[in-house]
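The shown structure was predicted, so the numbers you read here are calculated from the model rather than taken from an experiment. Letters A, B, ... are given to chains in the order of the sequence lines, protein chains preceding strands, and every chain is numbered from 1.
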Amino acid sequence: MTTQRIATLLKTGQPDESVKIQGWVRTKRELKGFSFVEVNDGSSLASLQVVINQDLPDYAEVIRRLNTGASLEVSGVLVPSPGKGQRIEVKAERVTVHGEADPETYPLQKKRHSFEFLRTMGHLRSRTNTIGAVLRVRNACASAIHEFFQERGFLWIHTPIITANDCEGAGELFTVTNLNLQKVPLTQDQKVDFSQDFFGRQAYLTVSGQLQVEAMALAFSNVYTFGPTFRAENSNTSRHLAEFWMVEPEIAFCNLEGNMNLAEDFLKYIFKSVLEACPEDMEFFNQRIDDSVLATADNIINNEFERITYTEAIALLEKSDRTFEYPVSWGLDLQSEHERYLAEELFKKPLIVTDYPTQIKAFYMRLNDDEKTVRAMDVLAPKIGEIIGGSQREERFNVLERRIRAQGMNPEDLWWYLDLRRYGTVPHAGFGLGFERVVQFMTGMGNIRDVIPFPRTPLSAEF
RNA sequence: UCCUCAGUAGCUCAGCGGUAGAGCGAUCGACUGUUAAUCGAUUGGUCGCAGGUUCGAAUCCUGCUGGGGAGCCA
């Protein structure tokens with residue numbers, strides 16, 4: 001008999017059906033004459049209750065070995081459950097213990113654990129209710145992202161992880177090298193001689209696939225990247241990782257309005273899709289983690305996002321009677337507290353802020369006619385802050401070259417990026433979305449380290 | 001990197017100058033249907049590490065780690 005998944009049995013299993021399941025013991029309750037064992041195989045939040053009667057051969061020995069964390073295989077028959085809390089249960093006919101888990105040392109006890117503690121066991125924590133639910137939602141969300149773009153004819157582009165482009169300006173980079181670090185070759189002026197390194201020049205882990213994905217958009221019209229991204233910043237917050245996943249669509253023949261529409265449709269789609277795919281897990285988050293999770297999802301799906309310009313945002317902040325720690329003034333970037341005030345208190349829903357001052361944004365964003373602002377957009381979500389950052393790109397060769405120079409960079413280093421404006425340039429736009437931040441936002445999880453299987457942060461890469 | 005709080009039993013914490021306590025877990029026992037099972041008993045600690053102050057340090061001071069907040073950003 002083939003093994004069935006517990007999620008399927010809980011949903012569609014019928015009494016008298018013969019079944020075989022495999023999984024891990026979540027908890028065991030021994031009574032006189034028989035025992036209840038809850039078995040979870042990761043397919044759903046709920047476990048399947050297995051009833052083992054003492055007339056089973058080797059009953060005492062089997063039960064002794066079935067502690068929390070042990071792995072087993074059960075063959076039996078489904079029966080209606082007389083107890084509360086489950087529709088059906090398995091009456092065990094044969095139980096095989098694959099691996100024991102010594103209860104004296106197995107760290108996951110049948111009680112609540114703090115997330116801090118679970119982080120010290122990256123290899124085991126996915127067997128818990130919360131982290132299990134998070135990772136199922138994460139999977140559903142990743143799947144929804146691909147569905148969304150594939151349905152719309154976007155090509156998934158695998159942009160490089162290793163890059164020599166140090167000119168995107170998006171934070172600190174990790175160097176990739178195979179130089180002998182015991183004996184680093186030096187140039188005459190005592191700098192590291194990267195010409196002797198693997199790529200013949202200094203290379204890095206990517207901080208964004210945007211530059212490359214723009215090149216692809218100018219061949220395939222609509223494309224997206226979805227892959228890991230690396231930042232070597234010494235950021236110690238609940239919203240930052242050194243290794244995270246980013247989604248970056250890029251659309252040719254598109255302006256900022258089209259970009260905003262896509263971003264809004266995109267967020268609505270993935271929330272809806274995850275609610276459909278993981279209703280139990282989402283309900284769990286609403287009950288145990290953050291009781292506004294379902295309302296927030298509903299808010300995203302059913303409301304139009306607010307859209308204001310940076311200039312309007314500054315006016316609203318200046319008009320508010322709130323006192324902010326950081327000053328509000330046209331030309332200064334919005335601080336976390338400003339973004340949160342706008343999204344959480346003033347509008348109480350996601351909003352898109354556009355047309356930021358030129359000097360606080362990247363060189364590739366399209367210059368407006370006033371030359372004081374660029375066609376940038378940030379989608380700000382309650383609780384998380386910036387969840388999406390994007391822009392219409394500067395497609396005019398002369399303007400782009402001028403802006404590269406103005407930011408102290410050398411146009412020659414970006415020769416191929418400029419080439420895209422030299423040959424068949426088109427208006428185009430795109431955005432970047434922090435995948436873990438979306439999962440955080442969806443699940444209500446407070447710390448980004450708990451929405452990725454193995455988080456990498458400063459001083460932390462144990463698992 | 002800065003601010004701030006915290007490191008005491010397997011876990012969550014109390015004790016805050018006179019050499020250790022609770023709840024949960026685990027273990028054993030009881031219970032024909034439990035579901036964070038319940039009830040009874042038992043077990044459990046170089047008080048993070050290294051220095052220093054003191055007659056005496058878990059307790060006070062200094063360096064290293066974790067949480068929260070900020071900056072940077074996604």
What is the nucleic acid contact for [X], judged by heavy atoms within less than 4.0 Å: base, sugar-phosphate only, or nothing?
X: A:Ile387; value: sugar-phosphate
X: A:Ser114; value: sugar-phosphate
X: A:Gly83; value: base
X: A:Gln440; value: nothing
X: A:Phe117; value: sugar-phosphate
X: A:Thr27; value: sugar-phosphate

Give every pair of a protein N or O atom and an N or O atom of nucleotides 4-6 of chain B that lie under 3.5 Å apart, one pair per line with the distance.
none

Could you measure between the two [atom1] atoms, the one in [N] and the one in [M], and give it in whole Å?
N: B:rC47; M: B:rU34; atom1: C1'; value: 39 Å
N: B:rG18; M: B:rA30; atom1: C1'; value: 44 Å
N: B:rG15; M: B:rG71; atom1: P; value: 33 Å
N: B:rA9; M: B:rC5; atom1: P; value: 22 Å
N: B:rC55; M: B:rU42; atom1: C1'; value: 39 Å

Consecutive-pair stems (3 or more, Watson-Crick or G-U, under 3.5 Å) for RNA chain B: B:1-6 with B:65-70, B:10-13 with B:21-24, B:26-30 with B:38-42, B:48-52 with B:60-64

Within-4.5 Å side-chain heavy-atom neighbours: A:Gln202 and A:Thr175: yes

Aromatic ring pairing A:Tyr310/A:Tyr356, orientation class (parallel under 30°, perpendicular over 60°, tilted between): tilted

Aromatic ring pairing A:Trp156/A:Tyr224, orientation class (parallel under 30°, perpendicular over 60°, tilted between): parallel

Syn/anti state of B:rU43 by chi, 90° boundary around 0: anti

Residues which pass ring-ring contact (aromatic ring centres under 6.0 Å, His included) with A:Phe148, listed by chain and number, not counting sequence neighbours: A:Phe266, A:Tyr269

Which residues share a ring-ring contact (aromatic ring centres under 6.0 Å, His included) with A:Phe244, sequence neighbours left out: none

Base-contact (B) and sugar-phosphate-only (S) positions in nucleotides 40-50 of chain B, heavy-atom cut-off under 4.0 Å, - elsewhere: -----------

Summary of protein contacts for nucleotides 25-31 of chain B, nucleotide by nucleotide, where a base hit scores B, a sugar-phosphate-only hit scores S (4.0 Å, heavy atoms): SSS---B

Check RNA chain B against [range] and give the residues with a non-hydrogen atom under 4.0 Å, in numerical order.
range: residues 48-59 of chain A; result: A:Gln49
range: residues 259-271 of chain A; result: none
range: residues 125-147 of chain A; result: none
range: residues 36-44 of chain A; result: A:Phe36, A:Glu38

Every protein N/O lying under 3.5 Å from an N/O of nucleotides 64-71 of chain B:
residue: B:rG67; atom: OP1; partner: A:Arg119; partner atom: NH1; Å: 3.1
residue: B:rG67; atom: OP1; partner: A:Arg449; partner atom: NH1; Å: 2.6
residue: B:rG67; atom: OP2; partner: A:Arg449; partner atom: NH1; Å: 3.4
residue: B:rG68; atom: OP1; partner: A:Asn447; partner atom: ND2; Å: 2.8
residue: B:rG68; atom: OP2; partner: A:Asn447; partner atom: ND2; Å: 3.0
residue: B:rG69; atom: OP2; partner: A:Ser238; partner atom: OG; Å: 3.2
residue: B:rA70; atom: OP2; partner: A:Arg239; partner atom: NH1; Å: 3.4
residue: B:rA70; atom: O2'; partner: A:Tyr326; partner atom: OH; Å: 3.0
residue: B:rA70; atom: N6; partner: A:Asn236; partner atom: O; Å: 3.4
residue: B:rG71; atom: OP1; partner: A:Gln335; partner atom: OE1; Å: 2.8
residue: B:rG71; atom: OP2; partner: A:Ser336; partner atom: OG; Å: 3.1
residue: B:rG71; atom: N2; partner: A:Asn234; partner atom: O; Å: 3.4

Candidate list A:Ile63, A:Val37, A:Leu66, A:Asp58, test side chain to side chain contact (heavy atoms under 4.5 Å, CB included), partner A:Val95, passing option: A:Leu66

Among A:Val134, A:Ile131, A:Leu135, side chain to side chain contact (heavy atoms under 4.5 Å, CB included) partner for A:Pro453: A:Leu135

A:Phe435 over B:rA74, stacked by centroid distance under 5.5 Å, angle under 30°: no

Pairs meeting criterion ring-ring contact (aromatic ring centres under 6.0 Å, His included) with involvement of residues 107-130 of chain A, two or more places apart: A:His113-A:Phe117, A:His123-A:Phe463

